[in-house]
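Take a look at the structure below.
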Amino acid sequence: MAQKPSIAKGTRDFGPEEVNKRNYIISTIKSHFETFGFMPIETPSFENSETLMGKYGDEGDRLIFKILNSGDYLSKVDDALYTKKDASALTSRISEKALRYDLTVPFARYVVMHQNEIDLPFKRYQVQPVWRADRPQKGRFREFYQCDADVVGSTSLWQEVEFIQLYDTVFSSLGVEGVTIKLNNRKILSGIAEVIGAKDKLIDFTVALDKLDKIGEDGVKKEMLEKGITEMAIEKVQPLFSFTGSNGSKLESLKTMLSTSDEGLKGVEELSFILTAIDALGLKTSNLELDVTLARGLNYYTGAIIEVAAPERVKIGSIGGGGRYDDLTGIFGLKNVSGVGISFGLDRIYLVLDELGLFPPSVTTTTEVLFLNFGQNEALYGLKAVKALRESGIKAELYPDDTKMKKQMNYANKRGIPFVVLAGESEMDKNTFTLKNMNSGTQDEVDITALIESLRA
RNA sequence: GUGGUUGUAGCUCAGCUGGUUAGAGCGCUGGAUUGUGGUUCCAGAGGUCGCCGGUUCGAACCCGGUCUUCCACCCCA
């Protein structure tokens with residue numbers, strides 16, 4: 001009984017064209033990672049559960065795909081636990097492995113486990129799939145690729161400067177001009193919370209502030225009030241709601257607002273350093289913008305927070321993000337190692353390139369010439385030429401079956417193969433080939449040298 | 001995890017207040033056309049109406065559950 005084929009929720013198949021396009025993006029990103037001095041590593045697709053659990057908050061734990069133990073996993077569960085139906089307690093007994101949730105935590109584990117083999121500061125890049133048991137949505141899947149570059153073992157702000165340059169280089173190279181690299185700093189957000197006397201509500205405060213462009217000033221204020229932030233406190237940060245002007249003037253106004261917070265001022269100083277450096281170095285096509293509402297991934301970022309927005313005409317939002325996290329490896333017992341890194345959102349970059357028509361035509365590679373098959377002797381004659389063409393770097397193939405010519409021509413046509421070679425008895429007698437241009441319909445009878453020459457052009 | 005939405009041929013979709021053999025376009029296969037594809041013409045194949053149950057004389061259509069799709073929230077790339 002045949003079953004209806006299906007694929008798991010939130011996963012996708014990729015056809016030849018999609019794979020070629022995705023590979024184009026990935027290889028562009030990788031080549032720039034390398035010119036910036038990053039080195040590749042790979043980690044397993046699944047880790048021991050304890051490596052991942054508890055690193056992404058309660059919400060994160062829920063979204064981690066757990067792998068059921070092999071064998072009779074229920075035999076290890078005592079009746080009391082089983083009857084209690086406590087999912088989280090039961091999970092730890094029947095599942096000891098879990099699928100990779102991101103590339104950062106496995107990287108931290110890698111650094112700690114291999115600390116004697118690597119030289120700090122260590123710059124690594126990693127392009128691998130990750131899995132999340134999330135509910136799928138537009139541009140969000142349960143299996144997707146992350147393209148990460150991180151540096152560990154240096155607190156220097158020059159790293160942040162380098163990462164901004166890297167973003168600019170990659171997007172310019174892909175032809176995506178006019179992206180906006182948004183920059184913020186956790187210390188500034190902390191400072192603001194401190195100044196308004198809501199230090200304990202930092203997360204609530206920033207999560208609400210982050211939604212400013214989405215739900216507007218009134219919506220943000222409403223959410224803040226709901227979370228128990230006082231009206232007086234909100235009053236104090238009123239300037240944040242209409243924060244415009246140059247990066248310089250924004251910094252000035254932050255400096256005033258945060259004058260009583262040492263941490264906040266430190267954040268201003270760090271931002272100022274980065275902005276000055278980028279100003280001096282220049283960017284190819286990107287814009288750099290100080291954005292105090294930027295607060296993603298706040299759970300672990302401790303300094304810089306970076307996010308890249310697609311050009312305005314493409315309504316797709318964020319296409320990359322990153323930041324600084326002090327003590328990245330502390331959870332695995334290696335103290336005082338700071339990390340900073342960025343990530344490229346492959347799927348969304350794909351959508352941007354597709355929408356703007358930025359994939360080079362050469363990305364979709366097809367066979368350049370198809371030899372029609374007229375029988376055993378003709379096939380062998382053709383295959384000798386195919387071999388010669390391949391040695392000249394031309395993508396060539398022979399139609400495998402001796403079927404009707406109409407069928408073979410049709411196949412070439414549908415695959416978009418630009419040239420077809422007809423070589424039957426009469427050509428074999430003369431040691432020639434009939435080369436047909438499928439676009440114009442014209443054809444010429446040529447010898448092997450001329451065949452290679454005309455296909456090479 | 002919460003709320004909503006979608007599912008009919010390989011694909012995109014019609015299908016009336018519940019009524020007999022569920023349709024179209026595209027695609028596919030064969031032929032017109034035995035060494036010439038795209039265009040045209042002719043013929044043909046292809047459907048447990050997502051799945052399970054219920055209501056009814058009768059269900060693609062109504063009801064419940066479930067899976068899936070897409071959207072919003074939460075969160076996030």
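Per chain, numbering begins at 1; letters A, B, ... match sequence-line order. These numbers come from the heavy atoms of this one structure, side chains and all, not from hydrogens, waters or symmetry mates.
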So, are A:Glu96 and A:Lys66 salt-bridged, with charged N and O less than 4.0 Å apart?
no

May I ask you to check if A:Arg324 and A:Tyr301 form a cation-pi contact, with NZ or CZ under 6.0 angstrom from the six-membered ring centre and within 45° of the axis?
no

Salt bridge flag under 4.0 Å for residues A:Lys21 and A:Glu17
yes

Sort me out a list of protein N/O and nucleotides 66-70 of chain B N/O pairs below 3.5 Å, or just none if empty.
{"from": "B:U68", "atom 1": "OP2", "to": "A:Lys9", "atom 2": "NZ", "distance (Å)": "3.4"}

Distance-only donor-acceptor test (3.5 Å): side chain A:Asn413, base B:G37
yes

Quiz question: by atom type and distance under 3.5 Å, do the side chains of A:Glu177 and A:Ser172 form a donor-acceptor pair?
no

OP1 or OP2 of B:C75 less than 4.0 angstrom from a side-chain nitrogen or oxygen of A:Lys211, does that happen here?
yes

I'd like the P distance from B:G23 over to B:A45, given in whole Å.
13 Å

Runs of at least three Watson-Crick or G-U pairs with RNA chain B, cut-off 3.5 Å:
B:1-4 with B:70-73, B:10-13 with B:23-26, B:28-32 with B:40-44, B:50-54 with B:62-66

Between A:Asn439 and A:Gln146, who's closer to the 5' end of RNA chain B by nearest nucleotide?
A:Asn439

Is NZ or CZ of A:Arg100 both nearer than 6.0 Å to the six-membered ring centre of A:Phe46 and within 45° of the ring axis?
no

Once you round it to whole Å, what is the distance between C1' of B:G1 and OH of A:Tyr56?
20 Å

Could you state the atom-to-atom distance from OH of A:Tyr301 to P of B:C75 in whole Å?
16 Å

What is the separation between atom CG on A:Asp102 and atom C1' on B:C75, rounded to the nearest whole Å?
14 Å

Using whole Å, report how far CD1 of A:Ile215 lies from P of B:C73.
10 Å

Per the atom types in the model, does the base of B:C75 pair as donor or acceptor with the side chain of A:Arg140 at under 3.5 Å?
yes

If we take the P atom in both B:U21 and B:G31, what is their distance in whole Å?
35 Å

Starting at the 5' end of RNA chain B and moving along, which residue's nearest nucleotide shows up first, A:Asn410 or A:Phe144?
A:Asn410

Distance, rounded to the nearest Å, where A:Asp210 contributes CG and B:C73 contributes P
12 Å

With P as the reference atom in both, quote the distance from B:C42 to B:G47 in angstrom, rounded to an integer.
25 Å

Using the side chain to side chain contact (heavy atoms under 4.5 Å, CB included) rule, pick out the option among A:Thr51, A:Ile331, A:Thr104 that qualifies with A:Arg109.
A:Thr51

Please report the distance separating the P of B:U66 from the corresponding atom of B:U56, rounded so that it comes out in whole Å.
23 Å

Give the rounded distance in Å between these two atoms: OH of A:Tyr411 and C1' of B:G38.
17 Å

No-hydrogen, no-angle side-chain donor-acceptor test under 3.5 Å, A:Arg142 and A:Thr11:
no

Please state the P separation for the pair B:C11 and B:U48 - nearest whole angstrom.
13 Å

In whole angstroms, the gap separating P of B:C75 from CG of A:Asp204 amounts to 9 Å

B:G58 versus B:C73 - spacing of their C1' atoms, nearest Å:
43 Å

Close N or O pairs between protein and nucleotides 29-36 of chain B (under 3.5 Å):
{"from": "B:G31", "atom 1": "OP1", "to": "A:Lys404", "atom 2": "NZ", "distance (Å)": "3.1"}
{"from": "B:G31", "atom 1": "OP2", "to": "A:Lys404", "atom 2": "NZ", "distance (Å)": "3.4"}
{"from": "B:G35", "atom 1": "O6", "to": "A:Glu427", "atom 2": "OE1", "distance (Å)": "3.1"}
{"from": "B:G35", "atom 1": "N1", "to": "A:Glu427", "atom 2": "OE1", "distance (Å)": "3.1"}
{"from": "B:G35", "atom 1": "N1", "to": "A:Glu427", "atom 2": "OE2", "distance (Å)": "3.2"}
{"from": "B:G35", "atom 1": "N2", "to": "A:Glu427", "atom 2": "OE2", "distance (Å)": "3.1"}
{"from": "B:U36", "atom 1": "O2", "to": "A:Lys436", "atom 2": "NZ", "distance (Å)": "3.0"}
{"from": "B:U36", "atom 1": "N3", "to": "A:Gln443", "atom 2": "OE1", "distance (Å)": "2.9"}
{"from": "B:U36", "atom 1": "N3", "to": "A:Gln443", "atom 2": "NE2", "distance (Å)": "3.3"}
{"from": "B:U36", "atom 1": "O4", "to": "A:Gln443", "atom 2": "NE2", "distance (Å)": "2.6"}

Of all residues at least two apart in sequence or in a different chain, which pass the ring pair (Phe, Tyr, Trp, His ring centres under 6.0 Å) check with A:Phe332?
none

Partner residues of A:Tyr24 under the side-chain hydrogen bond (donor to acceptor under 3.5 Å, both in side chains) criterion, sequence neighbours left out:
none

How many Å lie between CZ on A:Arg132 and P on B:C74, as a whole number?
17 Å

Whole-angstrom distance between B:C52 and B:U8, as gauged at atom P
16 Å

Is there a donor-acceptor contact under 3.5 Å linking the side chains of A:Thr442 and A:Asn437?
no

B:C63 and B:U17: how far apart are their P atoms, nearest whole angstrom?
14 Å

Charged tip of A:Arg132 within 45° of A:Tyr101 ring normal and under 6.0 Å:
yes

Under the side-chain hydrogen bond (donor to acceptor under 3.5 Å, both in side chains) test, residues paired with A:Lys436 that sit two or more places apart
none

Give a yes-or-no answer on whether the side chains of A:Thr403 and A:Asp401 include a donor-acceptor pair shorter than 3.5 Å.
no

